[in-house]
There are 2 protein chains.
Amino acid sequence: MKMSVNVTIPVSEAETLTERLRRGNLFAGPCPSRDILKNVSSRWGVLILISLRDGTHRFSELRRRIGGVSEKMLAQSLQALEADGFVQRIAYPVVPPHVEYSLTTSGEEIARLVAALADWIEVRVPEVMTHRAEFEERLQGGE
Amino acid sequence: MKMSVNVTIPVSEAETLTERLRRGNLFAGPCPSRDILKNVSSRWGVLILISLRDGTHRFSELRRRIGGVSEKMLAQSLQALEADGFVQRIAYPVVPPHVEYSLTTSGEEIARLVAALADWIEVRVPEVMTHRAEFEERLQGGE
DNA sequence: TACCCATGCTAACTTTTAGTAAGTAAATAC
DNA sequence: GTATTTACTTACTAAAAGTTAGCATGGGTA
């Protein structure tokens, strides 16, 4: 019984040795964590994970749901997430094809973190846009 | 056979209205949140934010710290984060140039979320790599 | 029976983005 | 006087993303 996904956001201030080690690892050039992060934090990866948080979806449902994805990119992103074990794919051998995608256990965990990030951003959009405008102006104004 | 695809949002665990609105916004094609997310979750954006969590750093310090960044990409990513208000840039008009980068308040907030994601991934790297290997094998084996 | 649509992809091609190498100013060290 | 250091920018090239077209095939429509 290992439930309790408590790994998420502990350690408010003090940085443990472990964390520093991990961080060092992320910083070191060619490490696999960067690949994983790339799949998860990519333009479509994020939206797929968030989208699947509320249950199983078919390929074309996802396509319609996520504004602006091409079929190619959707398929590619889903395959990456599947290979990493975050998404489960079940294909029913019928015609026309019927394929269902859902989050695995670890997929749910990481999707929560990604969603937290996305939610934080959505709340701050106006703030950020204001800052951007001011920043542009400062550049233009040639301060 | 119409199969009624209307199931989309079962609202599993009390998803607030606000959350659904935000989500809808992220899903809608051209919204600014995607841009913000892109800067923050990009290959180098992530590493810059995490790197700056432990204090101010100069450009070249960051460059040495983050394995594999080119100067161009570092400058570009820093500018994006600065424009969005996550990173503060202070240039001392000396020769050779001296420029310091640090997180703003909102930068610290978002960096915490990004770091949580990165930490989670680092912990699960072995697990994910195993899954990838098995996945490849399944493809090869032609199951 | 002929025709068209829907689904979940993949392959070929184009555009955008990332990455690489070189250049720049100007003080200081040798 | 040549080299070095810093924080960039500017061309150029490689890689990734995006676009369009195609495929198999059962069911619905005519």
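Note: hydrogens, waters and symmetry copies are ignored here, and every other heavy atom, side chains too, is used.
- Listed pair A:R43 / D:dG18 meets the phosphate criterion, a side-chain N or O lying under 4.0 Å from OP1 or OP2.
- Within 4.0 Å (heavy atoms only), B:S60 reaches sugar-phosphate atoms of the nucleic acid but no base atom.
- Across the interface with DNA chain D, nearest-nucleotide mapping of A:P97 and B:H98 shows B:H98 to be the residue nearer the 5′ end.
- Between A:R58 and the phosphate of C:dG8, there is a side-chain N or O to OP1/OP2 separation shorter than 4.0 Å.
- Of the candidates D:dT5, D:dA7, C:dT7, the closest approach to any side-chain atom of B:P96 belongs to D:dT5.
- Panel note: side chain B:S42, backbone B:G45; a donor-acceptor pair is recorded below 3.5 Å.
- A:W44 places its CH2 atom 18 Å from the P atom of D:dA16, with the value rounded to the nearest Å.
- B:M73 has its CE atom 17 Å from the P atom of D:dA14, to the nearest Å.
- Looking at A:D54 and A:R65, a side-chain N of the basic residue comes within less than 4.0 Å of a carboxylate O on the acidic one, giving a salt bridge.
- Between A:H98 and A:R58 the shortest side-chain heavy-atom distance falls below 4.5 Å.
- Each of C:dA18, D:dA7, D:dT9 was ranked by its minimum atom distance to the side chain of B:V99; first place goes to D:dA7.
- In this structure, CG of B:L74 is placed 14 Å from C1' of D:dT9, rounded to the nearest angstrom.
- Residue-level contact check: A:R63 touches neither bases nor backbone, having no heavy atom under 4.0 Å from any strand.
- Distance, B:Q76 CD to C:dT17 P: 10 Å, rounded to whole Å.
- Atom-to-atom, CG of B:L78 to P of D:dA7 comes out at 11 Å; the value is rounded to the nearest Å.
- The shortest distance between the side-chain N/O atoms of B:Q79 and the OP1/OP2 oxygens of D:dA7 is not below 4.0 Å.
- When heavy atoms are screened at a 4.0 angstrom cut-off, A:Y101 is found touching the sugar-phosphate backbone but no base atom.
- One interatomic measurement links the two molecules: CD1 of A:I66 to P of C:dG8, which rounds to 14 Å at whole-angstrom precision.
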Could you go through B:W44 and B:Q76, starting from their C-alpha distance and side-chain angles, then the distance that decides it, and tell me whether this counts as side-chain contact (heavy atoms from CB on, under 4.5 Å)?
CA-CA 9 Å; B:W44 308 119; B:Q76 212 171 91; over 6 Å; no

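- B:E100 comes within 4.0 angstrom of no nucleic acid atom, judged by non-hydrogen atoms across all strands.
- Between the side chain of B:S106 and the backbone N or O of B:G85 there is at least one donor-acceptor pair closer than 3.5 Å.
- Side-chain proximity of B:K72 to C:dG8, D:dT10, D:dT5: nearest is D:dT10.
- In this structure, CD1 of A:I48 is placed 14 Å from P of C:dG8, rounded to the nearest angstrom.
- You'll find that the side chain of B:V95 is closest to C:dA27, out of D:dA7, C:dA27, C:dG19.
- Protein atom CG of A:L62 is 13 Å distant from nucleotide atom C1' of C:dT7, rounded to whole Å.
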